[in-house]
Enquirer: 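Let me begin by handing over the structure; questions about it come next.
The model shown is predicted, which means the values in this text are computed figures rather than measured ones. Quick note on labels: first sequence line is chain A, next is B, and so on, each numbered from 1.
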Number of protein chains: 2
Amino acid sequence: MGHRITVKQIADELGVSMMTVSRALNDSPNIEAKTREKVLATAKKMGYIQNHIARSLVQRKTNTIGVVVPEITHSFFPEVIRGVEEVTYANNYQLILTHSAENAKREINAIDTLASKRVDGILISTAESAKSSKKYKQIMEMGMYIVFFDRCVHNIGASCVRIEDEKSSYKITEHLISYGYTKIAHLSGPTSVSIGQTRLNGFKKALKKNNIDLNKKYIVESGFHEDGGYSAMKKILDLPKKEWPRAIVAVNDPAAFGAMKAILEVGLKVPEDIAIVGFSDDIRSELMPAPLTTMRQPAYQIGKKAAEKLIKHIQNKDEIVEDIIIDSELIIRKSCGIYK
Amino acid sequence: MGHRITVKQIADELGVSMMTVSRALNDSPNIEAKTREKVLATAKKMGYIQNHIARSLVQRKTNTIGVVVPEITHSFFPEVIRGVEEVTYANNYQLILTHSAENAKREINAIDTLASKRVDGILISTAESAKSSKKYKQIMEMGMYIVFFDRCVHNIGASCVRIEDEKSSYKITEHLISYGYTKIAHLSGPTSVSIGQTRLNGFKKALKKNNIDLNKKYIVESGFHEDGGYSAMKKILDLPKKEWPRAIVAVNDPAAFGAMKAILEVGLKVPEDIAIVGFSDDIRSELMPAPLTTMRQPAYQIGKKAAEKLIKHIQNKDEIVEDIIIDSELIIRKSCGIYK
DNA sequence: TATATAAATGTTAACGTTAACATGAATTTA
DNA sequence: TAAATTCATGTTAACGTTAACATTTATATA
């Protein structure tokens, strides 16, 4: 290993104690301005870079937070990370990013990684295949804080930053209904994930409110990805032609993209033959051949709020646990059937 | 802080020494199978999670690598990170992500953060405003390895994973020329960044080879982002109408998107009035109103190779420093003027 | 000027782990 | 059966830093 300067070396160089060097480096009080400057100058000259490992060990605090995202390539998440990053940067926290690839086992692995690095807190959006909340609880018992975002776990004492999924889903479904559609299918997420359940609920409630009977064949689990949306839509198109739905509510935009592909493949048109709406306002949504009507989730905002809340929890034991709701926005484009 | 189990507590519980526990936990040799199992079972029961901080301190090795990306929301980078992540996960390395926001100062800050966490190596794609290579050198002198990707710094003893930017730029420019265009402008990156310089070089060489005079007004610095592309294109369109170029080579896709916006705003059409090509094959490129002709950079591959090379450097002092070239691919779409 | 007070600096121990060496028990070899 | 070897386990010290307490020096107060 190359030359790594330590506090001791600086101290020896100047003939002072290690504590004096430490104090100067950390802007502590009770040190003469002249001494501080001398130390700082020498540290810089010698190319000193603080060893956070050692510092964290003795302070039992890392000034670091971890993030677990299910899929870094979905435009929603980088945008969230951007928001998180802005807050951590401003508050002098460091950030460790991990990735579950929508896989429960990898999510647990990621959380263990973060825990073993003794981060002060973790931001999580749960993986598609996540089933148990045991790991989250274990982490919290260790004294680490968790704030969920978008895909939350409730009633385990962690805060959560999200949009009103059920209402939003209700609203976008009603929007379709307002055009006269009654044969409406839902491509759902797994109900073990919060947004899978809540968006399904909103969908069902909208039908009920408008006296539309629920056709069980019209609820197909697609998961959150494009390929899942594609195969779920295929399954629907396997129904006899006269049973085909006239409109689709997809659990999110990527699933909607996959469904659109399946629809186009059988020679049907969006929205003329089948209308479709999504959720999240992916970066690609407005660029689609049939621009996608969707519920915008302000990703940057969500990241920012989640990071802020987490830091508050870390810095104040008594910070209240709460659901923080961010406004969503219905973005009407062409895919839902009307275009001005 | 909540209850945090230590090796000592496990040792006391079982009436053995800390080393025995440590050996069991780390799968070391010279420990009875029965003892190991007993320790493992107790550790699990007590909810032990290894303290990587303490371990890293004594081992002077963190099994962690850092990544510095300039802009996490550009689709190229998440895809790279995905590749990196796959490799680190498979090799049991942990990953710390940082973000420079294209800003030299923040890049230095990010590197210092990683250095203070004593990562074993760093993957960097340099920021748009990066000027000096001093910090990279300092880090390498500390014994940390650097592997650059996409935007590289040469001749400082670090490996680099990239496409052949100059040749690729040459090729895509010639592709435009093959359609008969001669009035071709270039929206360039800053020449202080490798790809800014090399892509400009390729552009120039293609003109020269085809006996097209270089018009200095046709080279405008746009940077790597959409808004930069937009304002650079505006500047070009401020020229007298008869001086307008008929085709544009943008340094990357986001810059091309910005330029397209500017072109459409003044009522011109792509590619009929002005043809345009980009670089990277952004996720949005094929969805654009005029699908963008571009040079595809296999982002996932780049991430994978870069991570693999870095881990090789870390594990083998004598690993050779090299430029690793990944094949790029010309993707011909509509924006360059011909569409089949 | 002696004393009280404040400011600057130093010393010791601890954070949680593992490397390196030391010991003791069990097994093999001559 | 004694000596040599192997295997399992234990002890000590170290990684680089800072918290907590201790000491010295400078400054303010009576």
Enquirer: Taking NZ from A/Lys8 and C1' from D/dA14, how many angstroms apart are they, rounded to a whole number?
Expert: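 Answer to the nearest Å: 13 Å.
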Enquirer: Has A/Ser22 got a side-chain N or O lying under 4.0 Å from the OP1 or OP2 atom of D/dT18?
Expert: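 For D/dT18, OP1/OP2 do have a side-chain N/O of A/Ser22 under 4.0 Å.
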Enquirer: B/Thr6 has a side chain; which of D/dT9, C/dT17, C/dG10 sits nearest to it?
Expert: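 My answer, after comparing the listed nucleotides, is C/dT17.
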Enquirer: Closest to the A/Ala54 side chain: D/dT17, C/dT18, C/dT9?
Expert: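 Among the listed nucleotides, the one closest to the side chain of A/Ala54 is D/dT17.
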Enquirer: With sequence neighbours left out, what residues match B/Arg118 under salt bridge (Lys or Arg N to Asp or Glu O under 4.0 Å)?
Expert: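 B/Arg118 satisfies salt bridge (Lys or Arg N to Asp or Glu O under 4.0 Å) with no other residue.
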Enquirer: Looking only at side-chain N and O atoms, does B/Arg60 come under 4.0 Å of OP1 or OP2 in C/dA19?
Expert: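 So the side chain of B/Arg60 is outside the cut-off, no N or O lying under 4.0 Å from OP1 or OP2 of C/dA19.
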Enquirer: Using a heavy-atom cut-off of under 4.0 Å over every strand shown, decide if B/Thr35 touches base, sugar-phosphate, or nothing.
Expert: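 Sugar-phosphate contact only.
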Enquirer: What is the distance from CE of A/Met18 to C1' of C/dT12, rounded to the nearest Å?
Expert: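 About 11 Å, once rounded to whole Å.
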Enquirer: With a 4.0 Å cutoff (strictly under), does any side-chain N or O of B/Tyr48 reach OP1 or OP2 of C/dT17?
Expert: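 Yes.
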Enquirer: Could you check how far NZ of B/Lys38 sits from P of D/dT9, rounded to whole Å?
Expert: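 To the nearest whole Å, that distance equals 8 Å.
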Enquirer: For the side chain to side chain contact (heavy atoms under 4.5 Å, CB included) test, which of A/Ile156, A/Val68, A/Ile122, A/Leu123 pairs with A/Phe148?
Expert: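 The residue from A/Ile156, A/Val68, A/Ile122, A/Leu123 that satisfies side chain to side chain contact (heavy atoms under 4.5 Å, CB included) with A/Phe148 turns out to be A/Ile156.
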Enquirer: From NZ of A/Lys34 over to C1' of D/dT25, roughly how many Å is that when rounded to an integer?
Expert: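 So the NZ-C1' distance, A/Lys34 to D/dT25, works out to 14 Å.
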Enquirer: Measure CD/B/Glu32 against C1'/D/dT6 and give the value in whole Å, please.
Expert: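 After rounding, the reported distance stands at 14 Å.
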Enquirer: What is the distance, rounded to the nearest whole Å, between atom CG of B/Leu25 and atom P of C/dA19?
Expert: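 To the nearest whole Å, that distance equals 13 Å.
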Enquirer: For C/dG10, does the base pair up with any side-chain atom of A/Arg23 as donor and acceptor (N or O, under 3.5 Å, distance only)?
Expert: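 Check passes, donor-acceptor contact within cut-off.
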Enquirer: State which of C/dA14, C/dG16, D/dG10 makes the closest approach to the side chain of A/Val58.
Expert: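 Nearest to the side-chain atoms of A/Val58, counting from C-beta on, is C/dA14.
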Enquirer: Answer yes or no: is there a donor N or O on one side and an acceptor on the other, between the side chain of A/Ser125 and the main chain of A/Val69, under 3.5 Å?
Expert: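 Pair absent, no side-chain N/O of A/Ser125 close to backbone of A/Val69.
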Enquirer: Would you say C/dG16 has OP1 or OP2 under 4.0 Å from some side-chain N or O of B/Gln50?
Expert: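 Checking C/dG16 against B/Gln50, no side-chain N or O comes under 4.0 Å of OP1 or OP2.
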Enquirer: Please report, rounded to the nearest Å, how far the C1' atom of D/dT12 is from the CE atom of B/Met19.
Expert: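 In whole Å, D/dT12 C1' lies 12 Å from B/Met19 CE.
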Enquirer: Please state whether the phosphate of C/dA19, meaning OP1 or OP2, lies under 4.0 angstrom from any side-chain nitrogen or oxygen of B/Gln59.
Expert: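 The answer is yes; a side-chain N or O of B/Gln59 sits under 4.0 Å from OP1 or OP2.
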Enquirer: Charged N to carboxylate O below 4.0 Å: is that the case for B/Arg106 and A/Glu86?
Expert: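 Looking at A/Glu86 together with B/Arg106, the answer is yes, because their closest N to O distance falls below 4.0 Å.
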Enquirer: Taking the basic N atoms (NZ, or NE/NH1/NH2) and the acidic carboxylate oxygens, is any pair closer than 4.0 Å for B/Arg151 and B/Glu128?
Expert: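 So B/Arg151 does not pair with B/Glu128 through a salt bridge.
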Enquirer: Does C/dC15 have OP1 or OP2 under 4.0 Å away from a side-chain N or O of A/Ser56?
Expert: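 It does not, given that no N or O in the side chain of A/Ser56 lies less than 4.0 Å from OP1 or OP2 of C/dC15.
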Enquirer: Would you say A/Asn51 places a side-chain N or O within less than 4.0 Å of OP1 or OP2 belonging to D/dC15?
Expert: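 No, A/Asn51 has no side-chain N/O under 4.0 Å of OP1/OP2 on D/dC15.
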Enquirer: Tell me: CD1 of A/Ile49 to C1' of D/dG16, nearest whole Å?
Expert: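 After rounding, the reported distance stands at 15 Å.
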Enquirer: Quick one: on DNA chain D, does B/Leu57 or B/Pro29 contact a more 5' nucleotide (nearest heavy atom)?
Expert: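 Nearest nucleotide further toward 5': that of B/Pro29.
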Enquirer: With a 3.5 Å cut-off and no angle check, do the side chains of A/Glu102 and A/His225 form a donor-acceptor pair?
Expert: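 Present: a donor and an acceptor within the cut-off.
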